[in-house]
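Below you'll find the structure, written out as structure tokens, and then a few comments.
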Amino acid sequence: MEPKKKRRILVVDDHEDNIELLRARLEARGYEIHAASDGQAALDQVDRLIPDLILLDVMMPKMDGMEVVRRLKADKNLPFIPVIMQTALDTTANKVEGLDAGADDYITKPINFAELEAKVNALLRIKSLETELRDRKTEVEVLNDKLTRISLTDGLTEIDNRRCLEERLHEMWQHSVRLHEPIALIMCDIDKFKSVNDNYGHQAGDSVLKEVARLLKEDAREIDRVGRYGGEEFLLILQGTVLDAAVTFAERLREKVEGHTFTYTGGTLRRTISCGVAASPHPRVKDQEALLKAADEALYVAKETGRNRVVRFDSAEYNAHTQSKGNDSSNGENAGQQATTGGGGSALPVSSAAARDPAEGRRVQA
């Protein structure tokens, strides 16, 4: 069993005899005593030593005890250190001045050592309680931070969950509106995911979900948000990103997943993803709900028209498909723009600049 750590007391007095007398009495009570003969030396020792209590003489040359205690109590980097002022001045005014300066108690000379011992014990008990409360507060804060992270993180994939995505989308949409900057969404879905669970088991399905999350996350920028929106759906929020660049980025993600071999206990398998892409500013996007709906509907078109493809929400293919389904949400704007597709052998017409450089058009935030 470790011996109990001695409490450190700093005695500050410009008379050596007073220091030695207090040292002898307090060391006999089991305290560890340190000494300083002037105010500045005391402040220097406090920074290095962090004592548990200070016995501070009021009347000292250069810097008196009043100034020392003011500086100690004004230092926000120091923990609570009880200070007992000691002086030969026994007037109420002197005591009030010391207490107003920040002292925690007062004792007059000549010192009654029974009284001093009682005051030291009382203030050290208060310090112990304050330290315990501070430690508990820190523990609670750490626990709250952990609980907050858990509440905003998908337990399986360890990326943002739906709640977190919705909060971040709101924040990033407001940022986009305020600064007149673009914002884009990519909604992804793992193709034929149910068959993974049915044919290979849920552990294989979990492995695929975790791997897809990792593949999406590692290609995103730090300012982007990547999360599991639900089931086998993932959402990427791309700050400062125009539609063409978001489509190009989604196509790169689609190709990356298509070329990846997923490993699970007992074997390997391949899967693809379908993506719907939407962005603002755009005539069809009036608010963040419309932006999210547009990306979701574009994903639906990608799934309906063959899977393993990327569809932008204002493309000719999107317009044609939604109109054929009786959904006249498209108004025909930009009908000449073609959908970006992949995996099914269809053409992938993207702007030539974006095709040369997938990152071009993505505005990097400072």
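This chain uses plain numbering: 1 for the first residue, then up along the sequence.
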Only one of L56, V83, V69 passes side-chain contact (heavy atoms from CB on, under 4.5 Å) with V12, and that residue is L56
_Tell me whether E115 is salt-bridged to K119, with the criterion being a basic N under 4.0 Å from an acidic carboxylate O._
yes
Separation between OG1 (T268) and CZ (F262), nearest 0.5 Å, reads 11.0 Å
Contacts of D38 meeting salt bridge (Lys or Arg N to Asp or Glu O under 4.0 Å) (sequence neighbours excluded), chain-then-number -> none
Original post:
Counting only heavy atoms not in E218, do more than 12 sit closer than 6.0 Å to its CD atom?
Top reply: yes
- Task: Flag yes if L49 and I33 sit in one hydrophobic cluster, no otherwise; membership is Ile, Leu, Val, Met, Phe, Trp, Tyr, and two members link when side-chain heavy atoms are under 4.5 Å apart.
- Result: no
Shortest non-hydrogen pair, R284 vs A290, comes out as O-CB, 4.3 Å
- Would a distance-only check, ignoring hydrogens and angles, find a side-chain to backbone donor-acceptor pair under 3.5 Å from D52 to I9? no
Query raised in the report: Do the side chains of L55 and L124 join up, straight or via other hydrophobic residues, at under 4.5 Å, putting them in one cluster?
Result: yes
Fill in: Donor-acceptor pair between D14 and S37 side chains, under 3.5 angstrom
no
For atom CD of Q203, is the number of surrounding heavy atoms from other residues, nucleotides or ligands below 6.0 Å larger than 12? no
(message) Walk me through whether S128 and R7 qualify under side chain to side chain contact (heavy atoms under 4.5 Å, CB included).
(response) CA-CA 11 Å; S128 295; R7 311 300 291 272; 3.4 Å; yes
On a heavy-atom basis, the closest approach of N308 and D191 is N-OD2, 2.9 Å
In the structure I gave you, are the side-chain heavy atoms of M63 and V68 within less than 4.5 Å of one another anywhere? yes
Side-chain contact test, heavy atoms from C-beta onward, threshold under 4.5 Å: evaluate it for H321 versus V311 and give yes or no. no
So the salt bridge (Lys or Arg N to Asp or Glu O under 4.0 Å) pairs with at least one residue in residues 62-76 (sequence neighbours excluded) are E67-R70, E67-R71, K73-D104
Side chains of E258 and H260, donor plus acceptor under 3.5 Å:
no
Practice problem: State yes or no: do V177 and L238 share one hydrophobic cluster built from I, L, V, M, F, W and Y residues joined by side-chain heavy-atom distances below 4.5 Å, directly or via other members? | Solution: yes
Could you walk me through whether R214 and E211 pass the salt bridge (charged side-chain N to carboxylate O under 4.0 Å, His left out) check? CA-CA 5 Å; R214 182 184 64 80; E211 277 293 284; 2.9 Å; yes
Report whether I111 and V58 are members of the same hydrophobic cluster (ILVMFWY, side-chain heavy atoms less than 4.5 Å apart, transitive linking). no
**Item:** E130 atom CD, over 12 foreign heavy atoms within 6.0 Å
**Value:** yes
d(T87 OG1, E97 CD) to nearest 0.5 Å is 10.0 Å
Got V120 and Y31 here, is their nearest side-chain heavy-atom distance under 4.5 Å? yes
Nearest heavy-atom contact between A36 and I19 is O-CD1, 3.9 Å
Using a 6.0 Å cut-off, check whether atom CZ of R178 has over 12 heavy atoms from anything other than its own residue. yes
L299 vs E233, test: side chain to side chain contact (heavy atoms under 4.5 Å, CB included). Steps then yes/no. CA-CA 10 Å; L299 171 61; E233 285 189 350; 3.8 Å; yes
Shortest non-hydrogen pair, V196 vs A204, comes out as CG1-C, 4.0 Å
salt_bridge(R312, D244) N-O dist < 4.0 Å: yes
- Do you see a donor-acceptor pair shorter than 3.5 Å between the side chains of Y229 and R162? yes
Does any non-hydrogen side-chain atom of I81 lie less than 4.5 Å from one of L53? no
Could you go through R309 and E317, starting from their C-alpha distance and side-chain angles, then the distance that decides it, and tell me whether this counts as salt bridge (charged side-chain N to carboxylate O under 4.0 Å, His left out)?
CA-CA 12 Å; R309 61 201 296 118; E317 182 180 28; 2.9 Å; yes
| task | Please check if atom NZ in K109 has more than 12 non-hydrogen atoms from other residues, nucleotides or ligands closer than 6.0 Å. | result | yes
Rounded to the nearest 0.5 angstrom, the CG-CD distance for D13 and Q86 is 5.5 Å
Is it the case that the side chains of R221 and T241 hold a donor-acceptor pair, with the cut-off being a distance below 3.5 Å and no angle test? yes
Do Q239 and P182 come close enough that some side-chain heavy atom pair is under 4.5 Å?
no
Heavy atoms of I107 and N112 approach each other most closely as CD1-O, 4.0 Å
**Prompt:** Does any non-hydrogen side-chain atom of L185 lie less than 4.5 Å from one of V277?
**Reply:** no
Checklist entry - Do D105 and L123 come within less than 4.5 Å of each other through their side chains, counting heavy atoms only? => result yes
Under the side chain to side chain contact (heavy atoms under 4.5 Å, CB included) criterion, do L209 and R228 qualify, and how do the steps go? CA-CA 9 Å; L209 287 168; R228 185 180 177 192; 3.5 Å; yes
Using atom types as modelled, flag every donor-acceptor pair under 3.5 Å from a side chain in residues 139-150 to any protein atom, sequence neighbours excluded.
| unit_1 | atom_1 | unit_2 | atom_2 | d |
| --- | --- | --- | --- | --- |
| N144 | ND2 | V140 | O | 3.4 |
| T148 | OG1 | N144 | O | 2.9 |

(message) Checking W173 against S280 for the side chain to side chain contact (heavy atoms under 4.5 Å, CB included) test, could you report, in this order, the C-alpha distance in whole Å, the side-chain angles of both residues, the deciding distance, and whether it holds?
(response) CA-CA 9 Å; W173 173 267; S280 174; 3.6 Å; yes
Is E117 paired with R29 through a side-chain N to carboxylate O contact shorter than 4.0 Å? yes
So if you build clusters from Ile, Leu, Val, Met, Phe, Trp, Tyr with side-chain heavy-atom gaps below 4.5 Å, do L99 and I54 land together? no
Is R25 positioned over the aromatic face of F113, cation under 6.0 angstrom from the ring centre and no more than 45 degrees off axis? yes
- Query: With distance as the sole test, does T138 use its side chain to make a donor-acceptor pair with the main-chain N or O of R134 at under 3.5 Å?
  - Reply: yes
CZ of R254 to CD1 of I273, rounded to nearest 0.5 Å, is 8.0 Å
Counting only N and O atoms by type, is there a donor-acceptor contact under 3.5 Å from the side chain of N161 to the main-chain atoms of S151?
yes
Residues A279 and A184: closest non-hydrogen pair is CB-CB, 3.8 Å
Output for pair (L236 CG, I159 CD1), nearest 0.5 Å, gives 8.0 Å
Whether the side chain of R168 engages the backbone of E171 through a donor-acceptor N/O pair (distance < 3.5 Å, no angle test) should be reported. no
In terms of side-chain heavy atoms, does Q40 have a donor or acceptor partner in D44 at a distance below 3.5 Å? yes
Donor-acceptor check, side chain of R307 to backbone of T272, threshold 3.5 angstrom: yes or no? no
query: So, R271 versus S195: side-chain donor-acceptor pair below 3.5 Å or not?
result: yes
Rounding to 0.5 Å, atoms CD (E32) and CG (L10) come to a distance of 11.0 Å
With the side chain counted from C-beta on, respond yes when D189 and K303 share a heavy-atom pair under 4.5 Å apart, and no when they do not.
yes
message = Does either side chain, that of Y318 or that of E297, offer a donor lying less than 3.5 Å from an acceptor on the other one?
response = yes
Original post:
With distance as the sole test, does K127 use its side chain to make a donor-acceptor pair with the main-chain N or O of F80 at under 3.5 Å?
Top reply: yes
